[in-house]
There are 2 protein chains.
Amino acid sequence: MRLSNLADYAVVTMSAAARHCGGGRTSASELASETGLPVPTVQKVVSKLSAAGLLRSTRGAGGGLQLARPAAAISVADIVEAVEGPIALTPCVTGSECAVEENCAVKPHWPVVNAALRGALADISLVQLARTETQETEVA
Amino acid sequence: MRLSNLADYAVVTMSAAARHCGGGRTSASELASETGLPVPTVQKVVSKLSAAGLLRSTRGAGGGLQLARPAAAISVADIVEAVEGPIALTPCVTGSECAVEENCAVKPHWPVVNAALRGALADISLVQLARTETQETEVA
DNA sequence: GCTAATCGGAACAATTTGGTCCAATTAGGA
DNA sequence: TCCTAATTGGACCAAATTGTTCCGATTAGC
């Protein structure tokens, strides 16, 4: 019931990358120094993120990373799914391989919980995360 | 982002145990045969469940299990927390040991998601799960 | 054409999880 | 009163996933 560390790092990394929306060009090492995470870890996170289509990477010298989409169109749910795969609390939700599929009275209840979780994650976009820590309690 | 198998088994096991609310006395092997789960696995699940105070166990011959509380007072959140510990998507929620605690703009958003998930799990009680699979779509 | 810088994937180590077994305990019968 | 049988409780071991690190492939710039 806990988010994996990689997914947590991915959210932080994307949050840091969103602050470079103007320039658009950032490197993995720069993101590592900004977030305080080890460089190899950020590299792995960035790889998964770009493989999922959330980050656009340019190889070679002078290359770098940039957001594939505007920050408003990227939610925390997208980032988590990019790293951990589809959000599914139980195997029943996606596939159907359940050891006790016959008399499973619990199955019809899982999609409700799953939707609630995913909805809560989808409600948070990158623009809300891109604000610095000195954000005040804005009366939204 | 997936529930552990043990927690899934625990929910199924408790759902099966709730159907014995009348007699109150059930054994782990009986629950295993009803759910189709391997016996040792049910034993382990039952141990954690009784250690958490959700199940009352009586040792010795003729002993057995029974729900410590009425089924209406037990929610899925209780079962999950009994097996996996407190529900916390990130370490920030419970403790404060975060590698990037300084400039973590993501931290204030996690309690919201965490509460949404826990609320969805707490809304489902054992009485809803105790119904057999032949339950119809009751217009609640 | 060469060098330097960067991403991408592969390999290794560690932690947690899942499964199995045996010992401690106790009610029931002789 | 003693013995037997049945059941839970905790401990042990194997496996999978996760987390970290490293090295190779690729490309712009000189």
A.B. asks: Measure the NZ-CG distance between A:K44 and A:L37 for me, rounded to the nearest 0.5 Å.
C.D. replies: 14.0 Å
A.B. asks: What I'd like to find out is whether the side chain of B:I124 reaches to under 4.5 Å of the side chain of A:W110, using heavy atoms alone.
C.D. replies: no
A.B. asks: Below 4.5 Å, heavy atoms only, C-beta onward: do A:Q66 and A:L55 meet side chain to side chain?
C.D. replies: no
A.B. asks: Looking for any heavy atom pair under 4.0 Å, which part of the strands does B:S50 touch: base, sugar-phosphate only, or nothing?
C.D. replies: sugar-phosphate
A.B. asks: Would you say A:S27 places a side-chain N or O within less than 4.0 Å of OP1 or OP2 belonging to C:dC7?
C.D. replies: no
A.B. asks: Output the rounded distance in Å from CG (B:L65) to C1' (D:dG9).
C.D. replies: 12 Å
A.B. asks: With a 4.0 Å cut-off on heavy atoms, is A:A51 in touch with a base, just the backbone sugar-phosphate, or nothing at all?
C.D. replies: nothing
A.B. asks: Rounding to an integer number of Å, can you tell me how far B:L37 CG sits from C:dT20 P?
C.D. replies: 11 Å
A.B. asks: Start with the C-alpha distance between A:R118 and A:E81, add both sets of side-chain angles, then the distance that settles salt bridge (Lys or Arg N to Asp or Glu O under 4.0 Å), and finish with yes or no.
C.D. replies: CA-CA 10 Å; A:R118 202 183 187 290; A:E81 284 190 335; 2.9 Å; yes
A.B. asks: If you define the side chain from C-beta out and look only at heavy atoms, does anything of B:M14 sit under 4.5 Å from B:L129?
C.D. replies: no
A.B. asks: Could you check how far CD of B:Q66 sits from C1' of D:dT7, rounded to whole Å?
C.D. replies: 14 Å
A.B. asks: If a protein heavy atom is under 4.0 Å from the base, mark B; if only from the sugar-phosphate, S; if neither, -; do that for nucleotides 14-30 of chain D going 5' to 3'.
C.D. replies: -----SBBB-BBSBB--
A.B. asks: Can you name the nearest heavy-atom pair linking A:A72 to A:S125, along with the distance?
C.D. replies: O-CB, 4.0 Å
